[in-house]
Amino acid sequence: MEIPKQYDPKQAEQSHYERWEKSGYFAPEINRDPDAPAFSIVIPPPNVTGSLHMGHALQHTMMDVITRFKRMCGYRTLWLPGMDHAGISTQLMVTRELKKEGVSRHDLGREKFIERVWKWKKESGGQITKQMRREGASVDWSREKFTMDEDLSGAVREIFVRLYEEGLIYRGNRIVNWCPNDQTVLSDLEVEKIAQAGKLYYLRYPAKNGAGGVTVATTRPETMLGDTAVAVNPNDARYRDLVGKTVALPLTGREIPIVADEFVDPEFGTGAVKVTPAHDPNDYEMGVRHSLEQIVVIDQHARMTEAAGAEFAGLDRYKAREKVVEQFEELGLLEKVIEYEFSISKCERCKTVIEPLISMQWFLRMEELRDGALKLLASRRKPQFVPEIPYEKVYSSWLENLRDWTLSRQLWWGHQIPAWYTPAGEVIVARSEAEARDKAGNDQLTQDPDVLDTWFSSQLWPFSVFGWPEKTIDLDTFYPTSVLMTGRDIIFLWVSRMVMIGLKFMGREPFADVFITGTILDAHGQRMSKTKMNGIDPLEVFDKYGVDATRLKLSSVGSTDTRWNDKQVESYRNFANKIWNAARFALMNSEGAAVDPEALSVSPESALHDRWILSRLNKTARDVRQSLAGYEFHEAVQTLYHFFWDDFCDWYIELTKADVTAEAASPQRTAARTRVVSVLEQALRLLHPFMPYITEELWQQLPGVGKHLLHPAYSEAEPTIMLAGYPEPKSELINENTEWEMQALIDLISRVRNIRSEMQIKPSEPIPVLIGAPDEKLRAVYNANKNQITRLLRASEVSISDLVEAPKASARAVLVGGAEVAVPLAGLIDFAQERKRLGKEREKLAAEAAKLEAQLGNPQFAERAPAERVEELRTRIADIAQRTTQLDQTIANLT
RNA sequence: GCCCGCUUGGCUCAGUGGUAGAGCACUCGCUUCACACGCGAGGGGUCAGAAGUUCGAAUCUUCUAGCGGGCACCA
């Protein structure tokens with residue numbers, strides 16, 4: 001059998017996925033156990049725009065690890081894939097594409113434009129599904145959903161109507177965040193505050209007779225054209241007399257009142273604030289409190305309106321600012337201008353400065369929904385955030401300060417708001433136009449042209465994908481889902497809203513746990529972003545190092561932020577190669593052997609290394625299961641890595657090699673070979689959730705694999721590692737005494753290797769090894785493994801007795817339990833060198849002893865520390881003392 | 001402004017009230033019959049700084065510094 005020395009990921013990545021998918025292994029139906037518990041994850045639907053980035057690969061890997069793990073544990077497992085229509089992003093993307101053809105969306109018209117978006121969605125979405133297949137994501141494609149699917153859109157309308165009928169959704173004329181570039185309203189979450197250096201202008205508004213008046217400070221002088229009051233703090237003595245009086249608003253000829261409002265901070269600026277109810281959220285609130293007129297002076301294109309005065313009408317807001325300042329200066333009313341840093345609201349997407357405008361929009365009242373979510377968290381700690389700190393608090397404090405959600409968007413791509421207007425202006429909210437006509441008794445209806453915020457449909461995802469409002473089997477089986485895995489950037493936008501709406505309409509939280517993944521940063525600690533061009537394409541990493549290696553790296557990221565480094569993937573690529581070669585060894589020596597569950601048990605008579613590897617295997621299974629249960633991905637990866645490389649490859653294979661590679665067939669050889677392939681098979685299963693491709697590739701080649709190895713729930717499937725049972729730890733095979741014995745052996749071998757290395761003895765030079773062990777038990781261990789010791793040390797002879805009797809010219813090492821090893825080096829030994837080597841050893845011991853004795857010397861330690869610990873310390877000190885004595889003797893003899 | 005997190009060997013990161021860990025990098029030796037994407041042996045850290053709690057602190061508390069994040073209506 002020819003097996004290449006190097007693992008070729010591309011080859012393994014070629015065929016398995018297709019077979020898994022075609023065979024229906026990703027679908028929960030493959031599980032034939034009627035009593036199987038359900039495990040479900042719904043994917044955070046990626047935007048149909050663009051392609052997957054490292055963040056997706058990260059989340060998908062973790063979801064896949066958990067999904068594959070649960071599937072192997074026999075759960076009825078579903079990981080449901082899908083995509084989000086991503087309203088604004090998608091519309092902008094297609095608009096940009098059209099622009100290249102010299103066409104605007106208005107040229108096309110709404111209907112044609114939407115057709116065009118669907119066409120675009122088909123191509124872009126195809127890219128994403130292709131990439132997910134490459135990742136190895138074991139999602140059930142037969143259940144793939146899109147937020148604009150007919151049934152999901154139905155759920156959107158249903159929810160909208162119900163919320164409207166309950167009075168939670170309302171239409172109102174309120175101040176909103178308007179993006180003059182995207183020409184739509186935005187929710188608070190789609191606006192980002194950016195600190196910026198700017199100017200603070202002090203404008204004087206004179207009294208009616210031209211004298212006195214008040215001075216206000218503002219960063220936006222142009223809005224003064226829409227001022228309808230000046231506000232001061234009611235407790236501000238400076239202005240007390242002015243409250244109730246008026247000032248003449250320059251440039252407009254209007255007279256505006258001075259009102260008192262608690263909102264005003266006397267410490268800031270002049271303590272007097274200009275009030276522009278139509279163009280500032282705070283002023284809007286004050287306007288409401290004082291019944292002030294709202295004068296709209298800026299329009300949707302951020303240009304001044306007629307109401308701003310003929311002189312300003314049509315001017316851009318910034319041009320108008322200059323002009324207002326100029327005129328104040330000419331009038332002698334510009335008191336001063338100071339440099340001032342403040343934060344400004346920008347459109348998260350296009351970075352245009354937001355214009356607060358009063359506008360008729362649809363809103364969702366959040367109090368009731370919010371209270372439900374907060375109560376759930378307080379009473380049942382759901383959802384459980386991982387890591388709990390800081391995300392639980394981030395989530396709850398955001399909820400506590402929640403304001404109404406602006407639902408409508410002035411876009412074409414999205415769920416059109418299910419509201420119709422009669423010619424008389426009556427509003428009819430209904431599930432369909434037909435229903436609206438019925439309700440209105442009128443067929444002259446016009447539908448609201450706006451669409452819903454993308455997140456309105458996303459929040460329904462955990463139940464709309466299962467067919468809600470129909471009572472489907474899937475809904476019954478898979479809701480609530482088990483865990484949500486996502487990045488921290490959408491805790492508010494998405495996670496919280498799913499909880500609120502899921503609770504309201506399903507009566508239960510949409511997921512038990514929320515795992516927040518870390519963020520992958522670039523080498524300099526910067527966030528990866530398109531604009532910075534510092535992103536790393538997961539596909540390129542896959543090509544370079546293989547999917548499995550990349551997945552292992554991504555798994556170990558867990559929930560902490562980490563800087564990307566190719567080197568780490570490279571080391572996991574090397575690990576994959578290690579796995580490949582361990583299997584290569586097993587397969588090259590597999591004649592007469594087959595995977596056999598019987599080989600996974602041992603008796604007290606079994607060889608030490610056999611008892612040991614099974615102890616390690618079972619401990620590994622136990623630890624990995626435990627780690628995954630707590631979403632400790634990094635720990636799981638480390639456990640597996642060291643089990644496979646250190647325990648299985650470095651020690652087990654080496655110790656069993658002599659038996660396995662024996663030339664003549666024998667029951668002993670067969671047993672050894674069987675054990676190796678069987679342990680390897682278990683190791684592959686343990687690794688499979690993390691490294692699906694290489695494990696399947698190798699598993700399929702192992703002799704004796706078949707249906708009988710599958711988890712009982714998958715009786716109908718063809719042999720595949722992805723449906724094999726995940727190894728269960730057998731506590732009776734975990735044996736600390738065995739591990740202690742093995743450790744003694746490892747120590748012996750390591751000490752002698754150290755002598756070889758430090759004494760510069762050629763690796764090929766056979767050496768005699770003399771072992772002295774006064775402890776009978778220890779001696780028995782050495783005796784039982786004499787062949788292994790000989791082999792691993794390339795010893796010409798190994799003698800084991802209770803006391804070392806070696807020539808003076810020997811290199812020595814002190815072992816556990818008073819044991820000692822000597823390597824006679826007549827003619828080879830450099831006494832000075834050996835003294836130096838032993839001296840170093842002694843120094844280490846002395847340092848440790850000093851530390852321990854200081855601790856024991858503290859009378860309060862013996863008094864207050866647990867007796868067990870004191871005893872342990874005494875034992876250790878005694879051991880060190882013994883070794884030190886032995887070393888001293890050895891050194892003394894070296895002359 | 002408020003809240004939170006991080007600070008561990010050259011680098012990237014684990015860890016934890018009781019002997020400081022890994023991978024990479026580094027040094028030395030090795031074409032040892034699975035693997036040089038390897039094998040063996042090493043060097044390297046007073047766990048940011050200070051104070052406190054404790055028999056004992058890298059781990060708990062407080063403060064300081066640096067970095068990062070979230071929230072906030074201050075015109």
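Per chain, numbering begins at 1; letters A, B, ... match sequence-line order. Only this structure's heavy atoms are used, side chains among them; waters, hydrogens and symmetry mates stay out.
If you check every strand for non-hydrogen atoms under 4.0 Å, A:E863 touches nothing. No contact: A:P859 has no heavy atom under 4.0 Å from any strand. Nucleic acid contact for A:R756: none, since no nucleic acid atom lies under 4.0 Å from a heavy atom of the residue. Using a 4.0 Å heavy-atom criterion, one finds that A:K657 contacts the bases of the nucleic acid, with or without backbone contacts as well. As judged by a 4.0 angstrom heavy-atom cut-off over every strand, A:E654 is placed among the base-contacting residues.
For the 3.5 Å distance criterion, the side chains of A:S627 and A:E635 qualify, holding a donor opposite an acceptor. Of the N and O atoms on the side chains of A:W580 and A:Q6, not one donor lies less than 3.5 Å from an acceptor on the other residue. Residues A:H290 and A:D261 bring a donor and an acceptor atom of their side chains to less than 3.5 Å of each other. When only modelled atom types and interatomic distance are considered, A:N534 and A:R527 share no side-chain donor-acceptor pair under 3.5 Å. There is no side-chain donor-acceptor pair under 3.5 Å between A:Q568 and A:S571. Between the side chains of A:T639 and A:D623, no donor-acceptor pair is found at a separation under 3.5 Å. Side-chain N/O atoms of A:S555 and A:K553 include no donor and acceptor closer than 3.5 Å.
Where pairing requires Watson-Crick or G-U contacts shorter than 3.5 Å, the helical stems of RNA chain B with at least three consecutive pairs are B:1-7 with B:65-71, B:10-13 with B:21-24, B:26-30 with B:38-42, B:48-52 with B:60-64.
At whole-Å resolution of the value, CG in A:L587 and C1' in B:C35 are 14 Å apart.
Relative to the six-membered ring of A:Y202, A:K336 meets both conditions, a distance below 6.0 Å and an angle of at most 45° to the axis. A cation-pi contact, defined as under 6.0 Å to the ring centre and within 45° of the axis, is absent between A:K578 and A:F648.
Formation of a donor-acceptor pair under 3.5 Å by the A:N581 side chain with backbone atoms of A:K5 is found in this model.
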Base contacts versus sugar-phosphate-only contacts with protein, heavy atoms under 4.0 Å: please encode nucleotides 66-75 of chain B as B, S and - from 5' to 3'.
----SS-BBB
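Nucleotides B:G52 and B:G66 are separated by 23 Å at their C1' atoms, to the nearest Å. Nucleotides B:C74 and B:C13 are separated by 34 Å at their P atoms, to the nearest Å. A gap of 12 Å separates the C1' atoms of B:G18 and B:U54, to the nearest Å.
One finds no side-chain N or O of A:S397 lying less than 4.0 angstrom from the OP1 or OP2 phosphate oxygen of B:C3.
Closest to the side chain of A:I389, out of B:G5, B:G43, B:U19, is B:G5. Nearest to the side-chain atoms of A:K393 among the listed nucleotides B:U19, B:A34, B:C4 stands B:C4.
Comparing A:A583 and A:A523 along RNA chain B, the residue whose closest nucleotide (by nearest heavy atom) sits nearer the 5' end is A:A523. Mapping A:A586 and A:H642 onto RNA chain B by nearest heavy atom places A:H642 closer to the 5' end of the strand.
The shortest distance between side-chain heavy atoms of A:L640 and A:F690 falls below 4.5 Å.
A salt bridge does not link A:E843 to A:K840: none of the charged side-chain nitrogens sits closer than 4.0 Å to a carboxylate oxygen.
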Anything under 3.5 Å between a protein N or O and an N or O of nucleotides 37-41 of chain B, put it in a table, one pair a line.
| residue | atom | partner | partner atom | Å |
| --- | --- | --- | --- | --- |
| B:C37 | O4' | A:N574 | OD1 | 2.9 |
| B:C37 | O2' | A:N577 | ND2 | 3.1 |
| B:C37 | O2 | A:R573 | NE | 2.9 |
| B:C37 | O2 | A:N574 | OD1 | 3.4 |
| B:C37 | N4 | A:Q6 | OE1 | 2.0 |
| B:C37 | N4 | A:Q6 | NE2 | 3.1 |
| B:G38 | OP1 | A:N574 | ND2 | 3.3 |
| B:G38 | O3' | A:K578 | NZ | 3.1 |
| B:C39 | OP1 | A:K578 | NZ | 2.7 |
| B:C39 | OP1 | A:W645 | NE1 | 2.7 |
| B:A41 | O3' | A:N754 | ND2 | 3.1 |
| B:A41 | O2' | A:S757 | OG | 3.3 |

